[in-house]
Every structure is written in structure tokens, then in C-alpha cells.
Q: 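Right, I'll just put the structure down here and ask away after.
Numbers restart at 1 for each chain; the letters A, B, ... are given by sequence-line order, proteins then strands.
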Amino acid sequence: MADIRLDRARVLKSILWAITGLALAVAITRFTFGLGATTNLSDGVPWGFWIGFDVMSGVALAAGGFVLTAVVYIFQLKEFYPIVRPAVLTAFLGYIAVVLGLMVDLGLPWNIWHMIVFWNPHSPLFEVGWCVMLYLSVLTLEFLPVPLEGQSRWKKIHDTLTKFRIPLVIAGISLSTLHQSSLGTLFTIMPYRVHPLWYSPILPIMFFISAMALGLFMITFEGHTTSWIYRRHSHRDMLAKLNRATPWIILAYLGVRFGDLIVRGQIHHAFSTDWRAIAFWVEIGLLAIPGMLTTVKAVRRKDGALWLVAFLGVLGVVVNRINTGGVMHTGRGIEAYLPSWTEFAISFGVVSVAALVFLWLVEHFHILESTPHDAEEDPKTKPMFDNLTRTWLGTPSFADRTRFSLSFVLAVGLGFMLLSGESVRSKGVEPTPAYAARGGDTLWVDGNRDAFGVPFTHAVHAEMAEDMYNGCVTCHHMNMPGDRNTECSSCHQDMYSATDAFRHSWHSDPNGANLSCGQCHPRGEIRQASTAIKCVECHHDLIPEQVEGGAPSFEHPVNQYMAPSYADALHGICLDCHHQIADEWGIEDFQQCGFCHHEHRTLADVGPDEYPTSGKVIVPNTSGDSWE
Amino acid sequence: MSVHVENGVGILTDTTKCIGCRECVAACKRRNHLEADVPRRWSLDDGLSARNWTSIVEKELPNGDPAFIRKQCRHCDEPACASVCPVGALRKDPETGAVVYDGDKCMGCRYCMMACPYGVPRYDWDQSVPYVRKCILCNDHLKAGEKPACTNACPTGATIFGTREELLKVAHKRLEKYPNRYIQHVWGEHEIGGTSVLYISDTDLSFLSYGSKLSDETLPARTKTAMGAVPPVFVGMAGTMTGVYWIIKRRMKNQQHKDVSANHHPEGKSNG
């Protein structure tokens, strides 16, 4: 068709490539550091946006395939034939997207094949899984004739597949029926978790009906969108006629939904002041309004209006799936869940991949009535040479590829930049700054200042250390240069995570130590922490005399100067001796938690007579809760 | 997944006897080689996590006294987790009644975590190779004739081990003997078909299922109807579609035939 141009597709593809790049960066991080580092999922919300959008909505969005094949091949309304190919392709790619999304969401995706070997037919997910596998195979066979068309080499396969079209279509419809509804069955086992406005024992029936409505909306949306992208004439009449069925399906859905709520006596929730009631009406509105508008002939016959109506309808069903899939779960010990940007990036990335494949197939195979073709992109056109910048721009198609690659690569970089190292590496531990212990002879050890702590009789311990161990250095194993009793918290800076005690910037800073690189990094070696000289080679005063040279643990290279968390460090120091003494003296109590940690003990609970220490008592250096 | 376990074992926890010493928690961690845990972003505030398979939840009684309630897997008689697991990684041991987990089968879908009415299974969110983690009632040790680590460690006898039948008798005897001390209910006797881990208490324990009162209907029963409908729906749908196809095809053929015979001579044979 002459009026087909690719300028819009070009912009769209650049955007899609960028989203894909962003998703790739997130996916790499997710597989390296785990789900916790890249999602807001938690023990209360084990299923999040990926299940609600990628899987639940992805499958629903693919419903156009089975609806339209039924219309064209079973009910034999041949007039809709021109839109059946893009619909089947959308379904096919929709399922590919579901599988892609699932691979990111599953904790052990390399075990996905276990479903074929280890059976549990009681599980709705087992059934969903099998239906996805089988239907994906059916869709592949249904779609395969398209790329094989007109190629003499594959003619036999093409003809065989075409011959089996009707059985394939019937198998596809039956499988779709099953597992569109089974997605609803998934949630019937969670009556105490899903909010009563979304829970229903007949969720499978509701899911099936809404999937049919969504199928029609999706065909409309996808039809008008591709027409817009490629600036080609739209299938206005066909889509208008198809959407005459939409209001009836939506009416049936709303009837079942409200009927069910009334019969089960849960309708009062819809009229409460809860935000969930509002969400319920928004969801219902997103289906009812498009349903009503499709009854108007003028709306159906206007491209823009029908596109918007279809978009709202698609949104309505997607919101329903996301709500049922996780947002509207109340019985989970946690109030709200908001997906992280990384979760959105993966989900939209998966959609982008599917869309890119869709556009590529549309441009290379006979999917629409004519393959979009850009005259400018013809390889036979003369290459361009930019006179101003004296650069070779190549053929336009080369320029296109450059543009797509560039947006992709930049997005990958941006993704890695946004995934800040600290939040990814912290393994879900919130940073909790540790503070120095306060006090005189008896220290009040409360690293995270949550009021609950342990009174530590410093004087008694110092005496014992002198008699039995190495003296002060038993605990004060390392000090800041020139210091003799550096606070634990100056290296063990975080209550629960290890912190890097080495400051590279200070060592190289002109206002700091002002060292040249070669002073720590030997010549000819790669300059990294593991090959640098050991701290103790310069800082003789960092490690107390009694320990230096003696204990091999202080001979660590710089990269191991990760100070353990405050809690780990103090427990490590205390427990070594406490275990030993418990064994030697036969006092089991000595190594029990309760020996030091008393339940809910605050500074105010510790009296001077409880911890007698050579006449001196705790003298906290903050005002307010001190006593003499 | 309904494996009826005769002589299944279980645990009875009497929260009025618990002093909150957490020896059970420590014993559990020792036996199952669980690492020390720190507060994580994804942890719930009930103390359970991938590295804490049991925990003590503190509640305040109306008179201001603290109540300590030990949380752990309930080992349901009809476990929802095992019923929904698509690969059967979770199952109820037919011998002991413990609900056990096989990490080698698991594919990490986390449906079990969604389905558990008590929210017990937890996940290795910080691992790149994560597994589902929960109490397994020390099943391997049970088979070797030992008791679970937690009941062994309890200094006050607040949490005791026995066959489920015995424990139910003990529980009812105590309720009878001290009617004022306890709420007259054995948690786990009937809810969602019964659990192997039972509780008696002086405070309402329905918060263990996130605030919902559980009915006696088992959870797997709720998916059973829909799952049972799968084969007939498949056959029915395929049959209907074939029928519709055939009827419409025939009608169209007849129509064509009529058109043809209207235009030409009425010679065509009508078929079928």
C-alpha cells in the first residue's frame, strides 16, 4: 500500500529497544543477587506485579486469539478473516511474554520442566502450566503456516498444517477455555487472603467471561494501533461489527459478578468507605463504561473513539487481574505493596520484546494484508553522505539499526546506574548506624539506640582479661592510628551489615595521607584491593603490639578489611571467652543468651547495686537518664 | 493431597505455660543448621523467616500480663500448600503427618506461600538460588525415633510432643480441669480440617491466621470442584466447537447447493 510509512514505527521501536535494555540490566541483577534485591516482594507478598501483570494479564490479553479463531473458523464468519492473523500472532507472542515473565519471577526457573515430570494434578497451577505449554504448541502450529507461506521448500509442512487447521483451532479454544478460567481457580484456595469483593468460588467462570470481552477489546486495540503506526487504512467496519458482541459479554460478566456478590452476601463491602470499595467501583467502571459505549454506533465507527474504548476495556480487565492477583489481598500480615521500578522495568521490558517481535514479523511476513515497506529503506537506494559533518551515514536501514542499538545500550547502562550497589548488596538489611557504648566502668551497650541493651561490666572484664588473656587487646584488637581505645562503632559502623573500614579516598586525598598509587599498589600488579600491600605495613600502631605478628587474622589484605556488623563483632568477641569459660568451669548459664540479654531491659532498669563494679557505677554521658 | 494419617504425631502448645525463653527457637536453629538472622526488609513482624522456622510472638493480655505464643508450621491434615504445589515439592508424610519439603523438586513459584492460611512458608529472598523454608517437624529425626528439637528444649513443658490423638486428650483434659484458665477451644482440632500442631490458650489465637476465623472446611476442597470440572469442560468445549463447526459447514453447503440449483437444473444430490 502506497501510504504505508515507517516513521512512527521507527520512533516506537527506539523506545521499545530502550525499555528492553533497561529490563536486561534489571534481569541480570535479579539473577545475580536474587529476588529480594530487585523487587518489593516479601514474605507477606510472595506474588506481585510480575504475576498480576505478566502472567495473569498476559494470558488474558492473548484471549483475542481463541475468540477470533472461533469466530472465523468455527462460526465461519469469513468476513473477519483479514484480522485473524494479527490476532493469532498477538496471542502467540502474549504467551511467549507470559513464559518470559515467569522465568524472571520463578525462584528456580531452570526447574520449570519439573512440571512435566513431577505431577500434582490437584494443583490449579499444574493445570495452568500444562495448558500454557500445550496451547503455546498449538499456537505455534497455528501460526507457523504464515512464515512458511510461499516457500517451496516448506510447502509440505505448510500444507499439512493448513489441513489440520480446524482440529488445531478446536484444541486451542478448549485449552484456552480451561486455563483462562483456571487462572481464577488459582485464587479460590485463598478465601482468607483475597478481599471478599474479589474472592469468589466461581472466579474461574468470571475469569473466562472477562477474558472473552478482553479478547475483543484487544483485537480492536491492536488493530487500530497497528493501523496508526503504519499509517494504513483501518479495518473500521470489521472492528465495528465485531464489537457489537462486546456489550453483551460485559453485561453477562457484570451480571455474574454482582449476582455472586449478592448471593454470598458480600455486596455491602462495595458500599463501605474503604479505599478498596473505591478501587472496586473504578474497576467495574473501566469495564461498564466501555461496555456501554460500544453499544453506540457512532463510537464504534470512529477509529479514535473505539481505540480509546478498547484501551479502557483492556485496562479494566488488567486492573481486575492485578487486583485479584495481589493488590486486594488483605490476609497477609502486611498492609500495602507497591511494586518497585525494577518490577515495572521487567514487565514492560517483556512487553517490549513481544512488541518488537510483532513489528518485525509484521514487516517481514504476510500478517497484515500487505507488508509495510519503506521506499527509503530499500537496500537499492543510494547511501547518503553528509556533506556538513563529512560522515558516512550508510543506508537508512543501517542508520536505523544504529539508532536502535544506541538506545538499547544506553538503557542498559542507565539500568545498571539506577540499580545502586548498596541497596542491591545489602540483602534486605536496612542500614542501622551503630553508636558507641556509653558509660564509665560499666558500659551500656546499645548499638542501635533502641533503648534495649546490655550492661557490660568493663572493669570486671578488664581485670579478667589481664589475668587470663592478652589484656586490653583481647577485645581492643585494632585501633585508629595513634589511638588506644577506639570505639567499636568507628569500624563496625552498621548494626547488621558489614561495612568497609578502609577509606581509599582519604589515603589518596591531597588533604589526607597524600599517597601515590605506587606506595600501596606494587609495580606491575593489577591495581586492586587484593594485590595492595597490607595495612599493617604502614600502620604499626593500628594493631596493638601484643597481637601484631602473632595472630594471623590481622595479616589480611585490604579487601578483607570489611568490618563485620556491630552485632556480629560484639557477639564474636564475647562468645569466644564465654563459651570457653562455660566449658572450663562447667557453668552452662555462662553461654546462654539470657546471661547478658535480659528481656526488654532498658538503661533505667539497671540499678547500681545490680552491677557492682569496684564502687563505680554507670555514668552515661548524656543527660536525663544518668545517676551517680 | 488428602493423605489420611493414622497415628500421626503432633505438637501441643499451651500458651499459658510459655515463659517466652525462646529455647525452642534456639534449639530449632541448632538442629536445622539455620544461620543467625537480622531484620530484613521482607520479613513480617511475627519473627518467622527463612532462617527462623519457629518464633515467639508476644501479646498483651487484658490484665496487662504478657502472653507468649509460639509460631510454627501447623502441619495441616489437608495442607493447602501441598495441594497447590504444581510439582509436589511439598507433601504430607503419610507416616508421621509432617508436611515436608523437597527443594530438589521446587521450581520457586511460591504458590504455597500464597495458599497457606497461616502464612507460614518463608522465602530465601536474599539468595540467587532460593528455596521455600518452613518447619518440617524435624521429620528425619522423627523417623529415627527422636522428638522435635523444640519440644525437647522447652523447660516448662509448654510445648509437648505426642501423637495427635494423645495430645487432643491432654488438651481437653486441661480445658476441663481449669475452665477459668483457658478459652474453651483447641486451636487446630477442626479448623480447615484439623492440624497436627494444636494450641490451647487464655487468649484468642485467631490472629495466627492473619485475623480471620477459619472455618472447618478444608482448603483443598475449594479447588476440587473447579479442578474436577477440567476434563468435562475440555471434552465439552471441544465437542461443542466440533458440532457447531459441522452444523454451520453443512448449512453453508446446503445454502450453496440451493443457490447453485436455483441457478441451474435441480440435479444435485443432497448429502446427509
Q: Enter the distance from B:Y123:OH to B:M113:CE here, rounded to the nearest 0.5 Å.
A: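 Between atom OH of B:Y123 and atom CE of B:M113 there are 8.0 Å.
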
Q: Tell me, for A:N40 versus chain B, whether the close heavy atoms (under 4.5 Å) come from the side chain, the backbone, both or neither.
A: both

Q: Hey, are the side chains of B:Y245 and A:V169 touching, using non-hydrogen atoms and a 4.5 Å cut-off?
A: no

Q: What residue, out of A:L186, A:V128, A:I173, has the most heavy-atom pairs lying under 4.5 Å from chain B?
A: A:L186

Q: Quick one: which of A:T32, A:L41, A:T39 has the most heavy-atom pairs under 4.5 Å with chain B, could you say?
A: A:L41

Q: Using a 4.5 angstrom heavy-atom cutoff, name the option from B:L48, B:V129, B:D45, B:D124 with the most pairs to chain A.
A: B:V129

Q: So do B:Y118 and B:L214 actually touch side chain to side chain, heavy atoms under 4.5 Å?
A: yes

Q: Just to verify, what does A:T185 make a side chain to side chain contact (heavy atoms under 4.5 Å, CB included) with, not counting sequence neighbours?
A: A:P124, A:S182, A:T188, A:P204, B:T223, B:A226, B:M227

Q: May I ask you to test the A:L35-B:R110 pair for a side-chain heavy-atom distance under 4.5 Å?
A: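 Result yes, sub-4.5 Å side-chain heavy-atom pair found.
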
Q: Under 4.5 Å between any side-chain heavy atoms of B:D37 and B:K29, yes or no?
A: yes

Q: Can you find a heavy atom in the side chain of B:L205 that is under 4.5 Å from one in the side chain of B:K59?
A: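 No - every pair of side-chain heavy atoms lies 4.5 Å or more apart.
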
Q: When you compare the side chain of B:N152 with that of B:R31, does any pair of heavy atoms fall below 4.5 Å?
A: yes

Q: Pick one of side chain, backbone, both or neither for A:Y73, based on which atoms fall under 4.5 Å of a heavy atom in chain B.
A: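 When you check distances to chain B, only backbone atoms of A:Y73 fall under 4.5 Å.
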
Q: Minimum heavy-atom separation for A:S123 to B:C85, with atom names?
A: CB-O, 3.7 Å

Q: Heavy-atom distances under 4.5 Å only: say whether A:W113 touches chain B with side chain, backbone, both or neither.
A: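 Neither; nothing under 4.5 Å.
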
Q: Please classify the contact between A:Y192 and chain B as side chain, backbone, both or neither, with a heavy-atom cut-off of under 4.5 Å.
A: both

Q: Can you give me the closest heavy-atom contact between A:N111 and B:D104, atom names plus distance?
A: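 Distance-wise, the nearest heavy atoms are ND2-O, 4.0 Å.
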
Q: For each of A:P191, A:P201, A:G129, A:G326, tally heavy-atom pairs with chain B at distances under 4.5 Å, and name the one with the top tally.
A: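 Looking at each option in turn, the highest pair count goes to A:P191.
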
Q: For A:I205, is it the side chain, the backbone, both or neither that has a heavy atom under 4.5 Å from a heavy atom of chain B?
A: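 For A:I205, there is no contact with chain B at all, as no heavy atom is under 4.5 Å.
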
Q: Could you tell me which of A:I189, A:I170, A:T177 has the largest number of non-hydrogen atom pairs under 4.5 Å with chain B?
A: A:I189

Q: Heavy-atom cut-off 4.5 Å, strictly under: side chain, backbone, both or neither for B:I247 against chain A?
A: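 The answer is neither part of B:I247.
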
Q: Select one option (side chain, backbone, both, neither) describing which atoms of A:L203 are under 4.5 Å from chain B's heavy atoms.
A: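 Answer is neither: A:L203 stays 4.5 Å or more from chain B.
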
Q: Sort A:M190 into side chain, backbone, both or neither according to what part of it lies under 4.5 angstrom from a heavy atom of chain B.
A: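 Side chain of A:M190 only, per the 4.5 Å heavy-atom cut-off to chain B.
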
Q: According to side chain to side chain contact (heavy atoms under 4.5 Å, CB included), who are the partners of B:V57, at least two apart in sequence or on a separate chain?
A: B:D46, B:S55, B:K71, B:F207

Q: Between A:L102, A:D105, A:V429, A:L108, who has the most heavy-atom pairs with chain B when the cutoff is under 4.5 Å?
A: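 Going by pairs under 4.5 Å, I would pick A:L108.
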
Q: Against chain B, label A:I166 side chain, backbone, both or neither, depending on which of its atoms sit under 4.5 Å from a heavy atom there.
A: side chain

Q: For B:S215, which atoms come within 4.5 Å of any heavy atom of chain A: side chain, backbone, both, or neither?
A: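 Contact with chain A involves both backbone and side-chain atoms of B:S215.
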
Q: Of the backbone (N, CA, C, O) and the side chain (C-beta and beyond), which part of A:P121 lies under 4.5 Å from a heavy atom of chain B, both, or neither?
A: backbone

